[in-house]
Protein chains: 2
Amino acid sequence: MAESKVVGRDPEAVSRFVEGFAAQLVEAGMQRMPARVFAALLSSDEGSMTSAELGEQLQISPAAVSGAVRYLTMTHMVSREREPGSRRERYRVHGDQWYEALTNREALIKRWEGALREGVSSLGADTPAGRRMAETLAFFEFVESEVAAMMERWRVHREKTFGQG
Amino acid sequence: MAESKVVGRDPEAVSRFVEGFAAQLVEAGMQRMPARVFAALLSSDEGSMTSAELGEQLQISPAAVSGAVRYLTMTHMVSREREPGSRRERYRVHGDQWYEALTNREALIKRWEGALREGVSSLGADTPAGRRMAETLAFFEFVESEVAAMMERWRVHREKTFGQG
DNA sequence: CGCTTCCTTCAGAAAATTGTGAAGTTAAGG
DNA sequence: CCTTAACTTCACAATTTTCTGAAGGAAGCG
């Protein structure tokens, strides 16, 4: 289209993507509003939006934005910035920080490991069930150790493919 | 304790583990009943239980067992077996098949990739948002390719540690 | 120093999810 | 072939979750 440079973004196309991608995230277990907010940020050209912009695009109240953003910052998917000299806050999805958040179920896995350890000792390490749980525990420990290395390889791969972006 | 060989399993300790581990799985996004059923199977010495046994241990109706099991079999966390010459069904957690299910968000990731691809082309590969999404897409493709290799390394590691179990 | 703007918190209404009982279906065993 | 045991499906009730409007609080700007 001739107008592509200035208008560029067809709001309808953006919205379609946002809602579609958010729906996938919801199916993966994320709450609806955090998912929609995250998808909106991901599809913004700046990689960041203000609370008001989010509210308008998603047709939700400031309260809903606030709740979603609280969740997203707590899980490190999004960071908040103060626009200098303004009461406005910008919410930003960083280039790669959120990849880690998505895969980095660190705290979660730690707790699973704790629960499994307790299971092994309370059911007995010498019982069939105890052995099965010990093996499960070993699996998680293994994954944990591998993920760090994998993310490092990703960083290398990413730089090769996209430059230091 | 002297009775350890025959009684062995303190039902209360088992229940404590089951409910505790299930709660962790719930926090990770799994539905309550599937989580409880899965934890119960995991902590059983045979690695399998009948519908009736599950209903009794978890104090839930046959309908709830049925629903939970449907979910678990669909996600390949559990397999079902017919007890030969009986109407009873046994639900089993296999040694390692479920590890894969847990990490193998294959179908899910495929759909994310689809949604992202659509986003890249509808927002334009030459826009900042498009580039960000292309990079995200590359990340998922990278992870997908790495996970297979990681599971292979796990199998080797597992055999070394536990024998061919 | 007070006004205004923006964000957050809170209580409650609306909506979605979840588990049960009851009825229905399939298949073993006499 | 009929009986009966076991699992599944369905509709509904109860709980839980989710989002909103309204009130409250912090921070720039005149």
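Proteins come first, then strands; the chains are lettered A, B, ... in the order of their sequence lines, and each starts at number 1. The basis for the numbers below is simple: all heavy atoms, side chains too, and nothing from hydrogens, waters or symmetry mates.
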A/Arg87 vs D/dG28: side-chain N/O to OP1/OP2 distance below 4.0 Å: no
Ring geometry between A/Phe140 and A/Trp112 (parallel below 30°, tilted from 30 to 60°, perpendicular above 60°): perpendicular
Quick check: on DNA chain D, is the nucleotide nearest A/Pro84 upstream (toward 5') of the one nearest A/Pro34, or the reverse? Name the residue that is more 5'. A/Pro34
Nearest-0.5 Å distance, CG of residue B/Leu116 to CZ of residue A/Phe17: 5.0 Å
One should read off an interatomic distance between A/Leu41 CG and A/Arg36 CZ, to the nearest 0.5 angstrom, of 12.5 Å
If the threshold is 4.0 Å, N to carboxylate O, is there a salt bridge linking A/Arg92 and A/Glu46? no
Salt bridge or not between A/Arg88 and A/Glu53? Use side-chain N to carboxylate O under 4.0 Å. no
Taking the basic N atoms (NZ, or NE/NH1/NH2) and the acidic carboxylate oxygens, is any pair closer than 4.0 Å for A/Arg90 and A/Glu81? no
Note down the inter-axis angle between the two ends of the helix from C/dC1-D/dG30 to C/dG30-D/dC1, five pairs each, to the nearest 10°. 20°
Whole-Å distance separating the CZ atom of A/Arg88 from the P atom of D/dC29: 11 Å
Neighbours of DNA chain C within residues 49-82 of chain A, by heavy-atom distance under 4.0 Å: A/Ser51, A/Pro62, A/Ala63, A/Ser66, A/Arg70, A/Arg80
Taking CD from B/Glu83 and P from D/dA5, how many angstroms apart are they, rounded to a whole number? 16 Å
CD (A/Glu141) and CZ (A/Arg117) are apart, to the nearest 0.5 Å, by 5.5 Å
Atom-pair distance (CD on A/Glu89; P on D/dA26), nearest Å: 14 Å
May I ask you to say whether A/Glu159 pairs ionically with A/Arg155, meaning some side-chain N is under 4.0 Å from a carboxylate O? no
Describe, in one word, how the ring planes of A/Phe142 and B/Trp154 are oriented to each other, choosing from parallel (under 30°), tilted (30 to 60°) and perpendicular (over 60°). tilted
Below 4.0 angstrom, which residues in residues 14-33 of chain B have at least one non-hydrogen atom near DNA chain C? B/Gln31, B/Arg32, B/Met33
Nearest heavy-atom contact between A/Arg9 and A/Ser43 is NH2-O, 2.8 Å
Ion pair present between B/Glu135 and B/Arg132, side-chain N to carboxylate O less than 4.0 angstrom? no
